[in-house]
Amino acid sequence: MYRRKMRGMYISKRALRKHFDPRNYPRETYLLCELQWRGSHKSWQHWLRNDDSKDCHAEKYFLEEIFEPRSYNICDMTWYLSWSPCGECCDIIQDFLEEQPNVNINIRIARLYYADRASNRRGLMELANSPGVSIEIMDADDYNDCWETFIQPGVYYRFSPENFESAIRRNCSQLEDILQGLHL
DNA sequence: ATTTTCAAT
């Protein structure tokens with residue numbers, strides 16, 4: 001059914017710590033996806049990072065190479081993204097959703113990618129206003145959900161978001177401004 | 001450092 005290309009389902013806590021702590025500024029982007037087709041009890045998880053060799057952002061890579069559409073039932077996806085999508089990826093996601101109107105994407109992001117660039121701000125605002133899309137900064141519940149889903153059972157990890165609550169708050173207010181179309 | 005970024009000039 002789904003190919004497991006490039007990466008698998010579980011991720012190391014080391015990688016999660018590095019890439020989803022908003023106080024870090026890593027030079028790669030991680031996309032963790034959990035999806036469920038309505039009517040099915042099983043969910044499916046997959047994670048990947050951007051492909052430097054192909055100069056391909058993580059979002060484009062996931063939608064073009066990993067996701068396998070079905071013409072029936074509704075698909076609910078949650079994405080945990082370490083960087084927010086750039087303007088171009090926002091357009092790609094929007095086009096994808098127009099072609100796949102049975103898919104919903106709930107996007108949770110750890111930090112904002114070049115938030116001072118008008119093209120990125122505009123992309124996020126337009127994407128957030130598309131049907132089937134929600135975009136939010138990851139809060140403590142998101143971190144816990146993400147950890148529970150993507151860390152292998154039996155691996156001990158305690159998440160302590162209090163260490164970066166101020167970074168989360170700053171990103172939330174910045175995203176709020178962007179989605180309201182301020183400073184475009 | 002209220003820096004750093006999947007980014008080229």
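It should be emphasised that the depicted structure is a prediction, and the values quoted were computed from it without experimental measurement. Below, chain A is the first sequence line, B the second, and so on; all start at residue 1.
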For A:Ser166, report the nucleic acid contact type (base, sugar-phosphate, nothing); a contact means any heavy atom under 4.0 Å.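 If one applies the 4.0 Å heavy-atom cut-off, A:Ser166 turns out to touch nothing in the nucleic acid.
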Categorize A:Asp55 for me: base, sugar-phosphate, or nothing, with a 4.0 angstrom heavy-atom threshold over every strand shown.
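The residue A:Asp55 makes sugar-phosphate contact but no base contact.
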| request: List in chain and number order the residues that pass side chain to side chain contact (heavy atoms under 4.5 Å, CB included) with A:Ser134, two or more places apart in sequence or in another chain; answer none if no residue qualifies. | output: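 A:Ser134 satisfies side chain to side chain contact (heavy atoms under 4.5 Å, CB included) with A:Asn106 only.
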Can you sort out the partners of A:Cys90 under side chain to side chain contact (heavy atoms under 4.5 Å, CB included), two or more places apart, ordered by chain and number?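 Partners of A:Cys90 by the side chain to side chain contact (heavy atoms under 4.5 Å, CB included) criterion, ordered by chain and then number, come out as A:Pro85, A:Leu124, A:Leu127.
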Which residue lies more 5' along DNA chain B, comparing A:Leu81 with A:Arg170 via nearest heavy atoms =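 The residue closer to the strand's 5' end, by nearest nucleotide, is A:Arg170.
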Could you list the cluster mates of A:Tyr114? Members are the ILVMFWY residues connected by side-chain heavy atoms closer than 4.5 Å, either directly or through other members.
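Once heavy-atom contacts under 4.5 Å are chained together, A:Tyr114 belongs with A:Tyr25, A:Trp83, A:Tyr113.
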Taking only heavy atoms on the protein side, list every residue of residues 116-129 of chain A lying under 4.0 Å from any atom of DNA chain B, sorted numerically.
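Listed by number, they are A:Arg117, A:Asn120.
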Do A:Tyr80 and A:Trp47 make the cut of ring centroids closer than 6.0 angstrom?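 No, too far apart.
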| Nearest-Å distance once atom C1' is located in both B:dT2 and B:dC6 |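 B:dT2 and B:dC6 have their C1' atoms separated by 24 Å.
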TODO: Quick one: which residue pairs count as a salt bridge (Lys or Arg N to Asp or Glu O under 4.0 Å) with a foot in residues 99-118 of chain A, not counting sequence neighbours?
DONE: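 Listed by first then second residue: A:Arg108-A:Glu136, A:Arg108-A:Asp142.
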In a table with atom names and distances, give each donor-acceptor pair under 3.5 Å that connects a side chain of residues 171-181 of chain A to protein atoms at least two apart or in another chain.
unit_1, atom_1, unit_2, atom_2, d
A:Asn171, ND2, A:Ala110, O, 3.4
A:Asn171, ND2, A:Ala167, O, 3.4
A:Ser173, OG, A:Arg170, O, 3.2

Point to revise | With A:Ser53 via side-chain hydrogen bond (donor to acceptor under 3.5 Å, both in side chains) - residues at least two apart | key: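 If we apply the side-chain hydrogen bond (donor to acceptor under 3.5 Å, both in side chains) test to A:Ser53, skipping adjacent residues, the hits are A:Asp51.
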Can you pull the contact range of chain A along DNA chain B, 5' to 3', using atoms under 4.0 angstrom from its heavy atoms?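 Extent of the interface on DNA chain B: B:dT4 to B:dA8.
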Note to self: If the condition is salt bridge (Lys or Arg N to Asp or Glu O under 4.0 Å), which residues does A:Glu28 pass it with, not counting sequence neighbours?
What the structure shows: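 A:Glu28 satisfies salt bridge (Lys or Arg N to Asp or Glu O under 4.0 Å) with A:Arg49 once adjacent residues are dropped.
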